[in-house]
Every structure is written in structure tokens, then in C-alpha cells.
Colleague: 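Handing you a structure now.
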Amino acid sequence: MDLQPHTTPSGFKLPSIHSLPPFFSKQENLETLAISLDHWTRLILSYARFKRIFYLRVEDAEVTGGDWDEVLRNTRINRRVRPEYLSFILSQLVAKNLAVYDPIKQDRSVLLYWRTPDEWAEVLHSWATSTGQLNTILTFYEIIEPAVESQLSGIPVAILRKAIAVLAKTARAQSIGVADGEGVRFFATHAR
Amino acid sequence: MPTLDRYSRPIDGTIPVTALLYDDEKLLASQDSVGLYDGPSKSPPHQSGALHVSSHRLFFISGASSSSILHAPDPSQEGGASLAIDLHHVIHTESYAGFFKSSPKVTLHLRPIVESEQRSGTRTPAIPAGRTDSSSALASTSSTTSSTPAPDIGSPPPSSLEDPFEAWDCDICDFRNPPGLSPAARNTCQLCGMPRSASSSSVSAKPVVTSPPIAITRNASIMNDSLHSRSLPTSTSHTPIPLGISPSMNASSSTDSSITDGSHSISCSICTFLNHPSLKDCEMCGSPLGGPEVTISGSSASNSTPTAPLHRAVVSKSAPASRPDSPALDENGGGMDNTNDKDRYIRLSFRQGGDKAFYAALKTALQGKTWEATKQSRVQTTSPDSSGKRVGIDALLGSLANSKLTTEEDMQDAFADLSALMTKAQDMVRLAKDLNEQLTISNSRNPEGQSIEPEEATFVRSSLAQLGLSMKNAPVTADMTRDENKYMEQLAKELSGMLQGDRKQNRKVEGIMKSRGVIGLDEVWGGWNRARGVSLVSPEQTLSALKYLPHYTDPPISTRTLTSGLRVLHTPSYLPSAFASRVLELIFEYGPLSTMDIAGKESLNVGLIAELMLEVEGRGDVCRDDIGSAVGAAGASSVDIRWWPNAFVGYEWDGEED
């Protein structure tokens, strides 16, 4: 039973445990389950980071053709994650603060924190600094869909707000209401 | 016309036939232009009319008035030629197709009339006639014009049970049964199905029936009183009666001597009122009437009073009180059926054809025997055991009683069996013990070690074993040992013998754990008690004895409680660690295994292996692969599980690096 890591056509290197059938079943032994869940968490977050996916839904285990097929299914060993198990994994992700239910008050869809809001705040501030946009008012649209591709392209507004809130605490950003939505102004780190 | 008269009863021919039917009677066929033959000869009044057959009766409705003028000029016969014959009199029928001028005919052979039948049914036409006569005689002394009896069709027969046009209230449910049913159906309540009791109160007809005779009797007695005073000196037949005596007494004394014809009136033994013969209770005082010995023969009485001419005149007027029968009956000798068998038939002559269809309908009616069916159902309702046609409350009560009876019988049977077994069980145990000992003794006497009749001995032993009585010694019971601990030890010893077999005896007694390393405690307890026969071991005692079991078993058998709470006895090879390592060896040898596979390899039942595997999984030695997670599978999880070695433990991440 020497399992080898498998590299997907998109270039993602799946761990060898992904080829072990019991990995797709919810283990009854709590210790084994904890190990299994750790590996799932790591796998999901690294894949999400790799593919820049922000959302994971229970539907992804039910319907084929989504972004997550490579991870939630392994046709080479004829196994898939059952929706019940994925739902359980999602709840564990939320419990570990690696994801939040988005929208809130449901448990079938999560927003993945493959970067924490703190990390996103740093990325946001460094981006603003590097592109010379400090002290100017930026709309959310300008951040999410910048003319030049950046790490922040396509970032969900929910994460963006959280990141701005983090920056606002340290007085590095200021949230501003503008005519056609929300806006933000970044300050230099030592602006205080 | 003896036959026709005795079997038929007159009906009112002027009303349509459908109005004459009982409520449960059906008109089947009709035919015009029919003549009747009374026996071999034509019956003059019945030569042209319509014939109707219903499910119960045959009606002849006298047709054109011309025939009655031609053949029956008697004014009393106007419309009276119409008649009805009950079909239950008919024994069999014959059909004659006709020949040239001879019309097709149907012959009805009638059965002889039984006396009781005659009383209740066929003689009824005569009674209203008599009463009409009496009332007319009372109304005017010059009643010569109406001397011939005119049949009073509308008035019912006096017996309340026989009156078809009478409503009655059921004793049981108070349902008022409507009039108009056929005689048989009339005797059960339509609502609750209870048979009509004799005391059921009839509603409409009774006053009509009872009041005229009372009036008659009183009037007659008063007349008699006045006459007695004059006729007393000459009268020889009866004692003088003082004036001022009660009217009923007077009536009886007068009628005693005044009966002149051949009536069968029954004199009441209490009040001496002369009752109609069909009555069972006295009309006046209600006391039951006796047998025929009180019947007064009128002819002798009339002979005994020749010397009282005045009295005789009175008699002719007071005679109605005793209700003389019609002359027609007198011809027949007071109702005795002396007609010849061959004369006892009626012919229907179909003057204008239609006989085929009518004959077919008649046959249907006769075969249907509707009157009999209703009679039978009545009989059934009165017998308690029948489950036949019962309706309403009666049926409910009946079925309740039946089921209660059956249950009681079953219970008694069961208890009888049980008590018999209890008394015999001890004897059986003793017998088995004796047999066993005898066999052992005979074995020991033969130094070869073989009994004389090996087959027989084997047979006896095996039958004992089948009864669970093959233990060498009688089962250990509490009264054999004083000490509780000793008792438990003895029990444990006995149990070990059962589990692992008795090795010292060198017999081929195999314990139930011979080939199995694990056994459920339920099975142990059940099997042990079966082996012990009647002296059972309680679960508590079994559990206490288990503590001592490892000391008496080799290899030691220990107790374990599995995750589901099931307690098992197992040998050391089924200790969790030993079993887990064995399972892992199997998996490494054969690849991932399902519970079924492991059960097959271990020769244990699947339920037990499933429990044990849960234990192994709990130890973290294996992990599960749910086949329900297959890409194509839609089924529920946990149905089919394959066990893998636990590859999670010690796994190092070898996927995409952060």
C-alpha cells in the first residue's frame, strides 16, 4: 500500500492520502477522525489558495463539474466525499476559524480563509503602497477589479471589509461612504 | 268442491293483485283467461279469471261477471270467487300441453293438510263468516235474509300471531314492526332480528278481534238469563242458576248446554269461556287453555236439550258466541282430511295459452321456496349456536357470547396442559437420571467398555440428550450446598463442563465453545438452562458464577462487555489485542476486508464480529472505508464497510506545499 502523491492536470499536487479510500469516509474513531480532518483542512485550503477559490459549498460534493471535483472526488479509487461528510468538514473549518458561513445563518456554504483577515489586511496595505494609492480614495470596485491584475483581484467584499476593518483599527485606513457605494482611503504606516 | 275450498282462502278480487301481496312477496307472472279444476271436475265459480303467481302464493282473480252469472248465481259469491292458494301446499306439478280443443293445463298436487296447519291457516275463512253471522243475528231477530254466510274478507283471523295486517312492538328493541309481511317473516323483528314472543303486544288488530265476542257473550247471557227463568222447570241438562251472578259465569253456564253444532270450541278451565280452537290462551281471563279434552262436542249437547223449545230458540241466537264453523267444514267431518290422494289436486286450465311462461314462473316460485327460507331463518335465530342469518343487536350479542365461550375453552385447555406438564416434569427428570445411571452401571460391568446393546444405549442417550437431560449428574441446585460461594463454584464447574466439554470422562461430549472462541452470554444462559431441564438458573446466578469460571476452564474463559453492551465469554485468543493483531494479519494478507469476510475467516457470526471490529476500530488499529462513498453509490452509509489498516496514524503530508 505504497501510495504516491498525484499531480492534477492543473498542476496541483494531491497528497498520497487522497488515494486512500478510508480518507473519504468519516471515521468513527475520534483520534483517526481528527487526523483525517486535519488533512482535509490542509488539502482544502491549499487547493483553494492554489486555484484562488473563496467559496466551498456542500453542493460541490453533490454536483459534478464544479471547481472542487479534483479534491472531493478521486475517480482513480472510485471514491468521493459524501455531502454529509463535507458538511461536517465545513463545520470543523468554521470551528477552527478557517472559514465563516457566508451568507450567515446557514451551514451549506462557507467563505474560506486561506488567508486570515489580518493577512489580507497586510496584502491590501502593501498593494496600496506599492501602487502609490495612499491618501487617495478608492472604491471597492477599484480594489476588486484593478486595471492591473493583483493578488486582490476577485476578492469577496466580505473579506475586503474585514481587512479594511483590521487596517482601520491601526489607523492605516479609513472607510468612506461615496456616491456609488463604499470607498476607502489608505494611510502610510507611520501616518499616526 | 272440497279440495279448492280447503286449500284456498278467499280474497277481495276487486283490488289489484299487487295490493294483496305481503311486503316481502314478489309477483312473478300473470295470465288471463284461466279456469280452475277442483280435482277432476271443473269448479263452476272459477272458470274465467286472471291467474297470478307470486313467490308465496297463487292468486285467482275472478274475471268477467258473465262467468259468475252463468255458473254462480249465488249473491254471496260475487267477487268471492277470487282466491289465493299458499304455494307451500304444493308437492309437485304436472304440465299438460293441450290437445286439439283441450286447453293446456297445469296440475298442482297438494300435500295433505296437517291438523295444526288447518287450524291456523286454512280454516280461517270460515271464522269471519261465523262472526258475521253472529253479529247479524244479534242486530236483528229477523235476520233471515242474511242467513247464508257471506265471507268477510277484510277482517283478520282471531289469532294475533296469524294476523298479517297487524303491527306489533318488539319486546327487545321496542321497534314497531309494520304489518304486511308474509307469515314466516312476520315472526321476527325486522330491526333487531329477535323472534317475536307470544306476549308481544299487537297494536291495531286486537281490539277488533276481542271486543265483539265479549259483547256477544254478555248480550247472549242476558237473554239467556231471562229465558232460564222460564225454561228452568223443563230443563234437564243444567243446574239452576241464581239471578245476579256474574255475566261470565252466566255465559258459561248457558253455553255449556247451548252448543248445537260440531264446533271444537275450547272451554276455559278457569272462567269456562268458550274459546276459538286456535287460541292458546283464554280470550277472557288469559289463562292457558288445556288440551282437546275440554272440547265440547256440540251435537250431543243439542240432543240433550230437546225439551226446551224456547231455549232452543235462544241457542240459535246465542250460538254465535261459540262460533260455529261453516257447513263446508262439517262436510269434511270436522276438518279431518279424508280426501283421496288422487283427488287432492287442482288444475289450472289455460284457455288462451300462456301456460309455458306461467308454468316456468310457477316452477321458479316453487323451487325458490321463499316461505321456507324465512321459516328456516326464524328457526336459526332461536337456536343460540347458529351463526346464520342474525341481524342487529341479537347478532352482536351472539357473536360476543360465542367468542367469549371459545376463549374460555382455549384457556382451560392451555392451563390443563401446563399443569399436567408441571406435575410430570419432575418425574421425567428422575426417569432420565435412572436411565442414565443404569446405562453407566451396565457399561462399567462390561470391562470391554462397550455396552451389550450399543445401539440401544446410544439411542437412549441421544434421546435424553435431545431432551437436554444428558448430564451425568443431576443439575446443581441451591439445596445441594449450604454455602453460597460453594454453590457458585459448583455452578461454574457445571458451566465449564457445558462450555468446554467433559474431558475426564473420555466421552464425546463437546462443549458449545469447542469450535468457537467467543459466545454471547444470552446463548450461554439459554443453552445452560436448556441443559438443566427444570431447575433453572437465574441471570443473576449466572453472572455470579461467571466470576469463578476462569478457574475451572482451560484455557481460561473470561467475560467481556462489548461496545454495544453485549456480554460475551471468550478464550484468550479473543482478547482485544490478540484479536486486533489477528485481524491486521488477515488484512495484510488478503487486502481490505469487510466484516463478512472476517466473520468467514474467523467462523463466527457476523453480529459478533461487527461488535469486535468496532472494538478494534476503537483501539485505532483499523480505519473504515464506507462503500457508500463510491462515486456511483447512492445508498446510505455504514451498510458495507471495508476495514483498512489505520494509515492515518503517522502519515506525513506529501501534498502541495504552502
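Numbered from 1 within each chain, the chains take letters A, B, ... in sequence-line order. Given the structure is predicted, the values throughout are model-derived calculations rather than measurements.
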Colleague: Taking all atoms of both residues into account, what is the closest heavy-atom pair of B:Arg624 and A:Lys26, and its distance?
Modeller: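 It is CD-O, 3.6 Å.
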
Colleague: Which atoms of A:Arg79 are under 4.5 Å from chain B, going by heavy atoms: the side chain, the backbone, both sets, or neither?
Modeller: both

Colleague: So, taking the atom named OG in A:Ser25 and the one named CZ in B:Arg642, what distance separates them when rounded to the nearest 0.5 Å?
Modeller: 11.5 Å

Colleague: Hey, are the side chains of A:Phe23 and B:Cys623 touching, using non-hydrogen atoms and a 4.5 Å cut-off?
Modeller: no

Colleague: Need one label for A:Leu14: side chain, backbone, both or neither, based on atoms under 4.5 Å from any heavy atom in chain B.
Modeller: backbone

Colleague: If I measure from the heavy atoms of chain B, does A:Leu30 come under 4.5 Å with its side chain, its backbone, both, or neither?
Modeller: neither

Colleague: Roughly how far, to the nearest 0.5 Å, is the CD atom of A:Gln27 from the CG atom of B:Asp626?
Modeller: 9.5 Å

Colleague: How long is the straight-line distance from CG of A:Asn29 back to CG of B:Leu614, given to the nearest 0.5 Å?
Modeller: 11.0 Å

Colleague: Check each atom of A:Tyr85 against the heavy atoms of chain B and say whether the ones under 4.5 Å are side chain, backbone, both or neither.
Modeller: neither

Colleague: Name the region of B:Asn646, side chain, backbone, both or neither, that has any atom closer than 4.5 Å to a heavy atom of chain A.
Modeller: side chain

Colleague: Can you tell me if A:Glu31 has over 12 outside heavy atoms packed within less than 6.0 Å of its CD?
Modeller: no

Colleague: Is any side-chain heavy atom of A:Pro15 closer than 4.5 Å to a side-chain heavy atom of B:Tyr651?
Modeller: yes

Colleague: Where does B:Arg619 contact chain A at under 4.5 Å (heavy atoms): side chain, backbone, both or neither?
Modeller: backbone

Colleague: Heavy-atom pairs under 4.5 Å with chain B are the metric here; pick the option from A:Ile35, A:Ile17, A:Leu43 that has the most.
Modeller: A:Ile17

Colleague: Should the heavy atoms of other residues, nucleotides or ligands under 6.0 Å from CD of B:Glu589 be counted, would the total exceed 12?
Modeller: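 Atom CD in B:Glu589 is packed in, count exceeds 12.
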
Colleague: Counting heavy atoms not belonging to B:Lys547, are there more than 12 under 6.0 Å from its NZ?
Modeller: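 Check fails, neighbour count at 12 or below.
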
Colleague: How many angstroms lie between CH2 in B:Trp653 and OG in A:Ser46, if you round to the nearest 0.5 Å?
Modeller: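 Spacing of CH2 (B:Trp653) from OG (A:Ser46) equals 5.0 Å.
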
Colleague: Rounded to the nearest 0.5 Å, what separation is found between the CG atom of A:Leu37 and the CZ atom of B:Phe648?
Modeller: 9.5 Å

